[in-house]
Amino acid sequence: MNDHLEPSGSHFIKAIIEGELASGKRDAVRTRFPPEPNGYLHIGHAKAICLNFGLAAEFGGTCNLRFDDSNPLSERQEYVDSIREDVAWLGFDWEDREYYASDYFEQLYDWAVVLIKKGKAYVDDLSAEEIREHRGTLTEPGRESPYRGRSVEENLDLFERMRNGDFPDGSKVLRAKIDMAAGNLNMRDPVMYRILRAEHYRQGSAWSIYPTYDFAHGQSDSLERITYSLCTLEFEDHRPLYDWFIENLEIFPSRQIEFARLNISHTVLSKRKLRLLVEDGHVAGWDDPRMPTLSGLRRRGYPAGAVRDFCNRIGIAKADSIVDLALLQHCAREELNRTALRRMAVLDPLKVVIENYPEGETEELEAVNNPEDDSAGTRLVPFSRELWIERADFMEDPPKKFFRLAPGREVRLRWGYFITCTDVVRNDSGEVVELRCTYDPETRGGQAPDGRKVRGTIHWVSARHAAPLEIRLYDHLFTRENPNQADEGKSFIDNLNPDSVTVRTAQGEPSLAEAKAGQSFQFERQGYFAADSRDHSSERPVFNRTVTLRDSWARAQKRS
RNA sequence: UGGGGCGUCGCCAAGUGGUAAGGCACCGGACUUUGGAUCCGGCAUUCGCAGGUUCGAUCCCUGCCGCCCCAGCCA
């Protein structure tokens, strides 16, 4: 069951459902999530998944997982597998309700026969191009096909022979007989079946004709007695056709309701475009951590709960919108702050030598694993005479509000000692390569017995004990807020951010090498990082930056 | 100039006749062994525009303006 999941706010679909339940028009809520297995799920699908499963849970109904697989050309089992994995990862359970439109092909065929017998469908010999020409334009009505008047008997015979494979691919189609003058193009005798001798990943070569979306989707809903068939805005024009099939077939009246699809700034959310990024090698695969796919977000370190929280916060409405990526990042930080173990890792190392600390000595300092969660306990971190600190935590000539290390300044090493910088060592080209410091043995653990305060606390790692970590820092995949808004003659590909990933070697606490693939940590004062699910190992630790920590110092710097 | 939709704060989004929720972002301040977290405070006299109805309209009516979708035998 999915009862454990968070409820969402109020929206128009919920209002419609409450209305129909109250009036007695409906007595149950049955929804479905109907992906076509021709690509990986992305966060836009997560919105639909949370909506459909969420509504079912909230109203004590059910939500089916249905693969909308009526086009054999692009569908594959690999995609079915990834979709199942992603929906489950998101935290939703469809129990035994896993359906396939392709399992309904026989029933769909019978229903097509019903329409033919009613004189509501006919076999058309026009070519694809001729059908297009006959369809008319947005402002002019279409023309009827010369084959529109065929007898029921002839249509029955022809349709059966289409199924039997008597005709070449594309030579005939079955069309609904509606109205070639309709303002809505979808009602100008839409195609219901096409001849296609393609190997279907589940049906094999059992069929030589395949139903189109319009003749498969709504009927599948009806078969499953779906009460609310939720889809995105671009299907609004299809609703009259959706209802036409239900009425003329006299089958269970599912109701289609449309809502706006999700857009997020600095990325694209269309399967077609994501596939292009993968196929043209702009990213390393569907699960590249820069991808807005669920597998990409997961690998990047986004927790499923954060994605669900995001989906609940963005709301459901009918206005086109682009949600700020910052909201998704906020959701990740909120969950990770509560759950991620803290560790120290230095991303841009600068050597520090504690001159008054005995050479060769090592001690273990106790560090809190998560200040937000006492049950996470503590760990021991090795300390010795030579350390790595963050290069950005030292300034030779610091501005007044800089609280970190500088010549003559004292700071606290997190969970360690107070140290004071006494000298700066440079190389031939004048770069700072090492800091000489002294420590105060009385301040072990980070408190001074004399009550002395320091403004700054910096993270560090013992040079001798440090584990080298491969760190992958990610930035926006696209430079533009709306990548689809491309300059004249260019495409969204031209808006790709050339610096969307940078790799570097960091020095981390030794325990980081023991991290499990996929495990998330907060590298203190830096951000949240997840051990890469593909490349991480204790011999070669690899971490992906999920999101940075908020950094008010960096923001203040930027302002001035 | 056909049909279908949508326009409420920088970004999302409630509200739909009684005088503008909330979140993100942003800006202050408190606190702090993460310049993190947390806490407190600020942030639309105004709801695309113009008329009208009404004691009263973001919500009703009329007319404009702007944006999105549709001419696949894709979904």
Side-chain angles (χ1 to χ4, degrees), chain A residues 9-11 34-36 38 68-71 73-74 124 126-128 131-133 135-142 169-175 181-188 190-196 209-210 212-214 216-217 231-240 258 260 265 271-272 310 312-331 333-334 337-338 342 344 367-368 371-372 401-404 412-416 418 443 445-447 453-459 481 522-527 548-556:
Chain A
S10 74
H11 58 249
E36 183 190 13
N38 68 345
D68 206 358
D69 54 357
S70 58
N71 181 2
L73 267 16
S74 52
D124 195 348
L126 254 28
S127 68
I131 287 180
R132 175 156 37 81
E133 284 163 1
R135 189 152 30 227
T137 67
L138 294 179
T139 51
E140 307 155 30
D169 286 10
S171 61
K172 286 178 167 46
V173 292
L174 181 72
R175 292 228 256 171
N184 181 345
L185 292 301
N186 292 118
M187 300 301 270
R188 320 242 265 224
V191 172
M192 294 165 60
Y193 270 93
R194 67 272 209 183
I195 301 174
L196 200 58
I209 57 172
Y210 289 92
T212 57
Y213 165 84
D214 286 307
H217 196 99
C231 62
T232 44
L233 255 25
E234 64 269 29
F235 292 99
E236 221 150 11
D237 287 347
H238 292 249
R239 192 180 348 122
E258 312 84 11
S265 62
K271 241 192 265 181
R272 201 206 111 237
F310 173 77
N312 285 154
R313 288 181 190 234
I314 55 178
I316 301 295
K318 297 191 70 163
D320 294 320
S321 64
I322 300 179
V323 176
D324 194 336
L325 213 216
L327 179 59
L328 213 210
Q329 297 178 327
H330 168 83
C331 293
R333 290 190 188 105
E334 193 158 272
N337 176 50
R338 286 197 318 268
R342 261 110 262 221
M344 293 192 284
V368 169
E372 306 293 322
K401 298 295 256 309
F402 186 81
F403 304 146
R404 286 109 94 145
R412 170 168 41 233
L413 293 176
R414 174 134 246 226
W415 310 121
F418 285 10
T443 58
Q447 301 281 9
K453 301 284 185 200
V454 290
R455 280 306 294 273
T457 299
I458 66 174
H459 58 97
E481 221 170 271
Q522 182 197 99
F523 288 177
E524 294 210 38
R525 305 208 306 135
Q526 294 286 171
T548 62
L549 245 32
R550 291 180 75 232
D551 187 346
S552 54
W553 167 246
R555 234 178 309 135

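Keep in mind that this is a model prediction, so the values were computed, not measured. Letters A, B, ... are given to chains in the order of the sequence lines, protein chains preceding strands, and every chain is numbered from 1.
- Remark: ring of A/Tyr213 not stacked against base of B/rA75; the cut-offs of centroid gap under 5.5 Å and plane tilt under 30° are not jointly satisfied.
- In this structure, of B/rC11, B/rC12, B/rG35, it is B/rC12 that holds the atom nearest to the side chain of A/Ile314.
- Closest contact between the side chain of A/Thr139 and the listed nucleotides B/rG3, B/rG35, B/rG2 involves B/rG2.
- Place A/His238 and A/Leu138 on RNA chain B by their nearest nucleotides, and A/Leu138 ends up nearer the 5' end.
- Although no hydrogens or angles enter the test, the distance criterion places a donor-acceptor pair under 3.5 Å between the side chain of A/Lys271 and the main chain of A/Glu36.
- Using a 4.0 Å cut-off, some side-chain N or O of A/Ser552 falls inside it from OP1 or OP2 of B/rG36.
- Within the 4.0 angstrom heavy-atom criterion, base atoms lie near A/Thr137.
- Looking at heavy atoms from C-beta onward, A/Thr212 lies in side-chain contact with A/Arg194 at the 4.5 angstrom threshold.
- In the set B/rC11, B/rG5, B/rG23, the nucleotide with an atom closest to the side chain of A/Leu327 is B/rG23.
- Distances shown here put a side-chain N or O of A/Arg550 below 4.0 Å from the OP1 or OP2 atom of B/rC26.
- Listed nucleotides: B/rG35, B/rG2, B/rC68. Nearest to the side chain of A/Asp320: B/rC68.
- Remark: A/Arg135 is not in phosphate contact with B/rC70, judged by side-chain N or O atoms under 4.0 Å from OP1 or OP2.
- Taking a cutoff of 4.0 Å between a charged side-chain nitrogen and a carboxylate oxygen, A/Glu236 and A/Lys318 qualify as a salt bridge.
- Side chains of A/Trp553 and A/Phe403 form no contact here, defined as non-hydrogen atoms less than 4.5 Å apart.
- Listed candidates were B/rA75, B/rC73, B/rU1. Nearest to the side chain of A/Val191 is B/rC73.
- Here A/Phe418 lies out of heavy-atom contact (under 4.0 Å) with every strand.
- Syn is the glycosidic conformation of B/rG72, whose angle stays within 90° of 0.
- Counting distance only, with no hydrogens placed and no angle test, the side-chain atoms of A/Gln522 and the base atoms of B/rU34 include a donor-acceptor pair under 3.5 Å.
- Rounded to whole Å, the distance from CG on A/Asn312 to C1' on B/rA14 is 15 Å.
- One atom, CD1 of A/Ile322, and another, P of B/rC67, lie 15 Å apart when rounded to the nearest Å.
- Closest contact between the side chain of A/Leu549 and the listed nucleotides B/rG35, B/rC68, B/rG36 involves B/rG36.
- Between the CZ atom of A/Arg525 and the P atom of B/rG36 there is a distance of 10 Å, rounded to whole Å.
- Between A/Tyr213 and A/Phe235, the ring-plane angle classifies as tilted under the 30° and 60° cut-offs.
- Minimum interatomic distance between A/Arg175 and A/Arg188 (heavy atoms only, all atoms of both residues): NH1-O, 3.5 Å.
- Residue A/His459 places none of its side-chain N or O atoms closer than 4.0 Å to OP1 or OP2 of B/rU34.
- Remark: of the listed residues A/Leu413, A/Thr443, A/Thr457, A/Thr443 is the sole one forming a side-chain contact (heavy atoms from CB on, under 4.5 Å) with A/Phe418.
- Atom CG of A/Leu73 is separated from atom C1' of B/rG72 by 12 Å (rounded to the nearest Å).
- Among the heavy atoms of the strands lying under 4.0 Å from A/Ile316 are primed sugar atoms or P, OP1, OP2 only; no base atom is included.
- Where A/Pro35 and A/Gln447 each meet RNA chain B at their nearest nucleotide, the meeting point lying more 5' is that of A/Gln447.
- Side-chain N/O atoms of A/Arg555 include one lying less than 4.0 angstrom from OP1 or OP2 on B/rC26.
- Relative to the side chain of A/Asp237, the nucleotides B/rC6, B/rG35, B/rC70 differ in distance, and B/rC70 lies closest.
- No engagement by A/Leu325 is indicated, since no non-hydrogen atom pair under 4.0 Å with the nucleic acid exists.
- Whole-Å rounding puts the A/Leu196 CG to B/rA75 C1' distance at 14 Å.
- Distance NE2 (A/His11) to C1' (B/rG15): 15 Å, rounded to an integer number of Å.
- Across every non-hydrogen atom of A/Asp237 and A/Asn184, the tightest pair is O-ND2, 2.8 Å.
- Distance from the side chain of A/Glu372 is smallest to B/rG36 among B/rA14, B/rC12, B/rG36.
- Look at A/Arg313 and A/Glu334 and you find a salt bridge, because one of the NZ, NE, NH1 or NH2 atoms lies within 4.0 Å of a carboxylate O, short of that distance.
- Residue A/Arg313 places none of its side-chain N or O atoms closer than 4.0 Å to OP1 or OP2 of B/rG22.
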Pair assignment for RNA chain B - dot-bracket with | for other-strand partners, Watson-Crick or G-U under 3.5 Å: .(((((((.[[[..)..(...]]].(((((.......))))).....[[[[[..)....]]]]])))))).....
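- Taking 4.0 angstrom as the limit, A/Arg455 places none of its side-chain polar atoms (N or O) nearer than this to OP1 or OP2 of B/rG35.
- No side-chain heavy atom of A/Ile322 sits less than 4.5 Å from a side-chain heavy atom of A/Glu481.
- Distances from the side chain of A/Ser70 to the nucleotides B/rA71, B/rU34, B/rA75 place B/rA75 closest.
- When the side-chain nitrogen and oxygen atoms of A/Arg132 are compared with OP1 and OP2 of B/rC73, none of them lie within a distance under 4.0 Å.
- For A/Glu236, whose side chain is taken as the heavy atoms from C-beta onward, the closest listed nucleotide among B/rA13, B/rG36, B/rG5 is B/rG5.
- Atom pair A/Glu133:CD and B/rG72:P shows a separation of 11 Å (rounding to whole Å applied).
- Atom P of nucleotide B/rC74 and atom CD1 of A/Ile131 are separated by 11 Å, given to the nearest angstrom.
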